[in-house]
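Working notes, beginning with the structure itself.
Chain letters run A, B, ... following the sequence lines, proteins first, then strands; residues in each count from 1. If you're wondering where the values come from, they're calculated on a predicted model, not measured in any experiment.
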Amino acid sequence: MARAGKPQYDRLIFELSSPGRIAWSLPEPDVDVEAARARVPRGYLRSRPAELPEVSELDVVRHYSRLSQMNYGVDTHFYPLGSCTMKYNPRINEDMARLGGFARLHPLTPEPLAQGALALMHELAAMLAEIGGMDAVSLQPAAGAQGELAGVLMIRAYHASRGEKRTKVLVPDSAHGTNPASTAIAGYEVIEVKSDASGEVDVSDLDRHLGPDVAAFMITVPNTLGNFEPRIVEITERCHAAGVQVYMDGANLNAILGITRPGDLGFDVCHFNLHKTFTTPHGGGGPGAGPVGVKAHLEPFLPVPVVTRRGERYALDWNRPKSIGKLHGFWGNFGMLVRAYAYIRTMGPDGLRAVSEDAVLNANYVMKRLEAHYDVAAPGPCMHECVLSARRQKKRGVTAMDIAKRLLDLGFYAPSTYFPLIVEEALMIEPTETESKETLDAFCDAMIRIAQEAETDPQAIHDAPLTTPVRRLDQTRAAREPDLRWRPAR
Amino acid sequence: MRYLPTTPENRRAMLETIGARSVEDLLVKIPAKARLGRPLAVPPALAETDLVRHMRALAGRNADADAYTCFLGGGAYDHYVPSPINHLILRGEYFTAYTPYQPEASQGTLRTIYEYQTMMAELTGMDVANASIYDGASSLAEAALMAHAVTGRRDVVVSGAVHPQYRRVTATYCAGAGIRVRHVAAPDGVLDGDAARRLVGDATAALVIQSPNFYGCLEDIAAAAEIAHAAGAMLVVVSDPVNLGVLEAPGRLGADIVVGEGQGLGVPLSYGGPYLGVFAAKQDFVRRLPGRLVGATVDLDGDRGFVLTLQAREQHIRRAKATSNICTNVALCALMATIYTATLGKQGLVRVGELSMARAHYAAERLAAVPGVSLRFRAPFFKEFTLRLPKAPDRVVARLARDRILAGVPLRTYDRALGDCLLVAVTEKRTREEIDALAAALAKAVA
Amino acid sequence: MANIPSDLRYTREHEWAKREGDRVRIGITHFAQEQLGDVVFVELPKVGARVTAHQSFGVVESVKAVSDLFAPVTGEVVEANGDLPKSPELVNRDPYGKGWMIVVKPSNPAELDQLLTASQYEEFLAQDAH
């Protein structure tokens with residue numbers, strides 16, 4: 001039974017199905033279907049149609065519209081997920097990506113007939129290289145994690161080209177999970193480097209690990225606590241002195257646009273998350289795009305093909321004998337590249353710099369307003385995000401998860417929780433620059449209210465959320481008895 | 001600036017609260033010598049009207065499938081995209097949300113993914129499907145990694161008729177994992193069964209075939225399953241799901257893992273991406289699947305609800321030992337496919353398949369009737385086929401482009417032995433008139 | 001304090017080992033199941049498989065974590081708990097009883113004496129506490 005306040009819609013499309021209903025419109029065959037069928041061996045053809053829904057077009061529109069109303073999105077709610085950069089997704093970017101010349105362009109269109117697309121890619125790569133302080137950029141990786149894989153594979157190829165056999169990659173214990181996962185796929189042993197009490201890399205622990213068997217050090221800057229590592233240049237120099245390449249995870253680039261650049265900090269390679277810093281929409285979990293930038297010594301190893309320009313002619317260059325290979329079936333997530341391109345052309349140099357300044361300002365404001373009520377994970381100033389700990393609240397039996405659920409009732413999407421792993425009851429808050437002071441104040445007021453409730457009425461927090469379409473869900477049951485597809489009731 | 005709401009007054013008030021004089025004070029940890037110290041050398045900001053003009057000019061330099069008649073295939077197809085899809089995915093609650101970390105506020109996304117998993121499992125004839133991988137190529141690469149992890153065996157044997165770029169991506173992923181990728185030639189446009197039998201053995205984690213394959217030819221999936229299973233290897237089948245309204249589900253023919261490119265299910269051509277990696281497998285492997293999985297459960301009131309589940313396999317928990325490094329996948333493209341499949345449904349997907357198949361066979365007949373032109377392979381095909389031309393295919397293609405026809409993909413760059421061949425795809429959108437026009441233009445071009 | 005039966009031996013990775021004649025029964029401790037949360041899945045080796053001391057013999061999975069299971073002793077697996085696939089919650093409810101995982105025939109019985117005693121394990125837990 002749904003309790004009062006809970007929206008009522010609980011249907012799946014299969015449950016709306018009624019035999020004979022259709023939602024599609026296609027012409028009758030004007031050529032011989034049976035003759036074609038006869039050319040295909042019987043065993044290759046279905047004997048019965050797949051069990052798919054039969055609904056009307058209104059059913060489709062109403063059902064998926066109703067389901068959308070069960071989501072919080074940036075369009076409707078402040079969405080401060082840490083390191084996800086949930087900033088406003090400009091509508092003009094959507095319009096531009098849908099221009100027929102982009103959206104209706106087949107990837108294998110002969111290159112002379114796709115010059116506009118290739119020009120856009122070439123220009124975007126150049127702009128990202130400038131923003132990242134890198135010498136070359138590949139737009140091919142489909143997400144940050146694929147960018148990481150590309151970067152680590154290029155580092156591997158680089159060392160191999162120099163006859164060096166290095167088997168380990170160092171990653172801070174505060175790293176996002178994709179860092180060790182990508183590294184493992186590339187065939188390296190992952191070694192964790194400790195963070196010190198303020199969440200920064202413990203340089204002496206790093207030194208202990210640096211050596212001729214280490215291929216790379218992979219780090220996020222600013223780090224996953226939202227802080228800029230003050231010793232980062234020293235760190236990249238120490239790595240280079242040991243022959244170790246340095247990779248920057250660009251998830252937090254929103255903090256430093258136009259202020260500093262991975263290349264200038266000493267990094268050899270970095271990736272960009274277009275769906276974070278560059279406003280391409282998060283889509284409920286993608287598609288994203290994770291272009292990777294490199295310094296000149298890694299350029300020969302870039303994924304293939306590379307978009308080149310000779311005069312006014314753009315082309316795909318496949319003649320790259322040292323390339324690490326390919327990661328995407330075609331050239332990358334072009335539709336997201338169009339959006340990011342439109343964004344960068346909209347902002348210009350001053351706009352990009354203002355993005356980071358406002359992002360940093362907003363995060364510091366939130367941290368300041370909340371520091372009396374929550375433990376701060378590391379001393380400020382922070383960059384574009386801050387990490388709080390619900391350690392104090394935990395003593396009253398209220399956890400980071402409880403706080404997240406209560407925020408949903410108060411009209412906000414929750415920050416990230418339990419990441420980074422090195423902070424107890426972590427709450428990672430990234431407001432972004434597209435939020436106004438009024439929104440930040442409303443969020444802080446809500447967080448302060450929850451902190452007070454933790455003292456006076458913790459049960460209200462434990463019961464949350466109450467106003468969402470469902471209440472807290474049984475995760476244990478979902479994992480013990482996995483039900484991963486709908487089946488008709490017998 | 002319309003995306004930056006902070007006014008000078010806001011800034012002043014916020015700095016006061018923080019206790020800083022300017023934003024510069026907040027950047028104090030950034031070493032001076034690393035500061036850029038100049039504006040970024042990117043072009044100055046464009047007002048919206050100027051941006052639109054510029055982007056339209058760029059778009060105008062591309063021969064898209066609305067301005068030209070598209071017979072291009074090779075892993076991306078001009079299939080019908082029902083109109084509701086675009087309207088629905090533009091709803092901000094869908095496209096501006098992120099991964100469903102707070103399931104109570106993400107039931108929309110979670111339910112559509114559950115529907116998607118159901119539809120993909122049903123189409124492929126498998127027990128379970130994940131929430132998506134980036135595209136068909138990376139899906140295949142992940143299948144190779146999974147087969148290696150499940151069997152503990154070192155080799156993956158791949159048919160030479162599998163899409164060349166998928167093979168390349170798979171090789172890139174496998175290199176790091178120390179998996180050896182071995183190829184079986186496909187000289188007649190389909191898997192050479194005898195050659196496969198010789199290569200597939202105790203060290204083989206999986207045999208990989210594609211059907212319809214890169215050349216458009218249909219493979220005998222059941223026969224391939226026998227070869228693989230006889231050696232204790234898995235069978236991985238690469239299959240375009242939009243064809244599976246008419247073609248038999250690979251799962252019913254012995255596949256252990258089915259992967260494929262879901263672009264045909266309502267995802268725009270968009271010059272190659274973002275696309276949709278379909279990944280489905282048998283129940284035995286449910287805990288070894290890469291990527292996200294959505295499961296049904298109940299909430300505190302006993303009402304049905306959906307959550308991300310079996311997350312302990314994934315990178316954010318399992319880290320270096322995760323089944324995959326994938327985090328962000330292509331949820332919005334999966335949503336397009338879900339709405340597409342709901343819209344086409346049981347009957348519609350049959351109609352799409354029949355029309356594509358029938359029109360492709362009509363086209364093959366008309367084109368092979370052009371003097372000097374013939375079908376390169378004798379194997380049965382579905383919606384795509386390989387023609388042998390009497391003149392250089394890329395010249396023919398250029399010639400037909402002047403008639404606003406994108407005639408097909410020349411195969412020379414993929415395989416020297418097929419230097420005189422053109423890969424032609426025909427979907428349900430190609431009319432009889434368009435096909436006749438192609439035949440006429442081709443006849444003139446090779447005369 | 002924590003539930004640490006005195007007749008068992010322990011590892012630093014939170015497995016327990018119980019001598020049963022010439023066999024050793026193995027599981028995870030109360031502390032371990034508490035840390036993991038609700039156990040959803042346990043992956044165990046087949047009967048006949050060999051396990052090596054200090055190396056992983058399987059995996060225990062909860063909603064929020066996955067942990068390797070490390071063998072306290074070297075030997076051959078002679079029994080694996082057939083109830084755990086259907087009822088992984090036994091690990092939470094009765095970690096030292098019905099939640100047992102494998103029984104091993106040890107190749108070197110002396111290894112058992114090198115494991116921590118109950119009081120040593122208790123001390124180890126206290127030291128490691130945050």
Side-chain angles (χ1 to χ4, degrees), chain A residues 23-24 31 33 36 52 64 67-68 70-75 96 99 101 103-107 113 115-116 142-143 145 177 180-182 184 186-187 190 228 230 281-288 325-326 329-330 333-335 348-349 357 365 381 436-437 468 470-471 473-474 478 483 485-486, chain B residues 5 10 14 23 26 29 39-40 44-45 55 58-59 61-65 72 88 91-93 95-99 104-105 107-109 118 134 137 168 172 176 268 270-274 295-297 299-300 305 309 315-316 319-320 322 325 328-332 342-343 346 348 358 361-362:
Chain A
W24 50 272
V31 291
V33 173
L52 297 173
Y64 291 103
L67 289 189
S68 80
M70 298 169 108
N71 262 12
Y72 288 24
V74 172
D75 270 8
M96 296 300 93
L99 289 174
R104 296 283 292 135
L105 186 65
H106 190 286
L113 298 173
Q115 289 292 296
S182 304
V190 179
F228 195 89
H282 292 84
K326 216 169 184 321
F330 294 106
N333 283 349
F334 179 77
E357 290 184 349
Y365 180 69
S436 67
K437 179 175 178 298
T468 48
V470 295
R471 295 184 61 197
L473 294 152
D474 189 343
D483 170 353
R485 61 173 292 184
W486 182 85
Chain B
N10 292 148
M14 288 162 72
V23 174
L26 305 174
K29 288 187 192 167
L40 285 167
M55 307 266 323
L58 280 174
R61 288 163 63 194
N62 301 323
D64 65 75
L72 299 174
L88 289 165
R91 292 182 71 94
E93 296 91 331
F95 86 93
T96 70
Y98 202 15
T99 311
E104 301 88 345
Q107 286 297 296
T109 296
T118 304
Y134 309 121
R168 210 154 178 183
T172 304
S270 201
Y271 204 49
T297 184
D299 77 350
L300 290 176
T309 191
Q315 48 74 32
H316 57 293
R319 298 173 73 86
N325 69 337
T328 295
N329 42 91
V330 292
L332 199 69
T343 304
K346 191 169 180 171
H361 282 78
Y362 172 74

What distance do [X] atom [atom1] and [Y] atom [atom2] have between them, rounded to the nearest 0.5 Å?
{"X": "L99(A)", "Y": "L105(A)", "atom1": "CG", "atom2": "CG", "value": "12.0 Å"}
{"X": "H282(A)", "Y": "L332(B)", "atom1": "NE2", "atom2": "CG", "value": "12.5 Å"}
{"X": "Q107(B)", "Y": "L67(A)", "atom1": "CD", "atom2": "CG", "value": "9.5 Å"}
{"X": "L58(B)", "Y": "Q115(A)", "atom1": "CG", "atom2": "CD", "value": "11.0 Å"}

Which atoms of [X] are under 4.5 Å from chain A, going by heavy atoms: the side chain, the backbone, both sets, or neither?
{"X": "T99(B)", "result": "both"}
{"X": "L72(B)", "result": "both"}
{"X": "R91(B)", "result": "side chain"}

Structural part of V33(A) lying under 4.5 Å from a heavy atom of chain B: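 Both parts, backbone and side chain.
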Proximal component of A478(A), with respect to chain B [non-hydrogen, under 4.5 Å]: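 Answer is both: backbone and side chain atoms of A478(A) are under 4.5 Å from chain B.
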Name the option with the most non-hydrogen atom pairs under 4.5 Å to chain A; the candidates are [options].
{"options": "A358(B), A63(B), G92(B), A331(B)", "result": "A331(B)"}
{"options": "A296(B), P44(B), P274(B)", "result": "P274(B)"}
{"options": "P5(B), A65(B), G348(B)", "result": "P5(B)"}
{"options": "G305(B), A105(B), G295(B), P39(B)", "result": "A105(B)"}
{"options": "A97(B), P268(B), A342(B)", "result": "A97(B)"}

Interface residue of largest heavy-atom contact number with chain B, from [options], under 4.5 Å:
{"options": "A181(A), A36(A), P107(A), G348(A)", "result": "P107(A)"}
{"options": "G285(A), A145(A), G177(A), A103(A)", "result": "G285(A)"}
{"options": "Y64(A), Y72(A), F330(A)", "result": "Y64(A)"}
{"options": "A143(A), G286(A), G329(A), G288(A)", "result": "G286(A)"}
{"options": "A186(A), P180(A), G187(A)", "result": "P180(A)"}
{"options": "G325(A), A184(A), G335(A)", "result": "G335(A)"}

Flag for T109(B)-N71(A): side-chain donor and acceptor within less than 3.5 Å: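 Looking only at side-chain atoms, T109(B) and N71(A) do form a donor-acceptor pair, the distance falling under 3.5 Å.
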Distance-only side-chain donor-acceptor flag, Y98(B) / T328(B), under 3.5 Å: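 Looking only at side-chain atoms, T328(B) and Y98(B) do form a donor-acceptor pair, the distance falling under 3.5 Å.
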Which heavy atom of [X] sits nearest to which heavy atom of [Y], and what is that distance?
{"X": "D474(A)", "Y": "T297(B)", "value": "O-OG1, 2.8 Å"}
{"X": "N333(A)", "Y": "P287(A)", "value": "ND2-CB, 4.1 Å"}
{"X": "V470(A)", "Y": "T468(A)", "value": "O-OG1, 2.6 Å"}

Donor-acceptor contact below 3.5 Å, side chain T118(B) vs main chain W486(A):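 It does hold such a pair.
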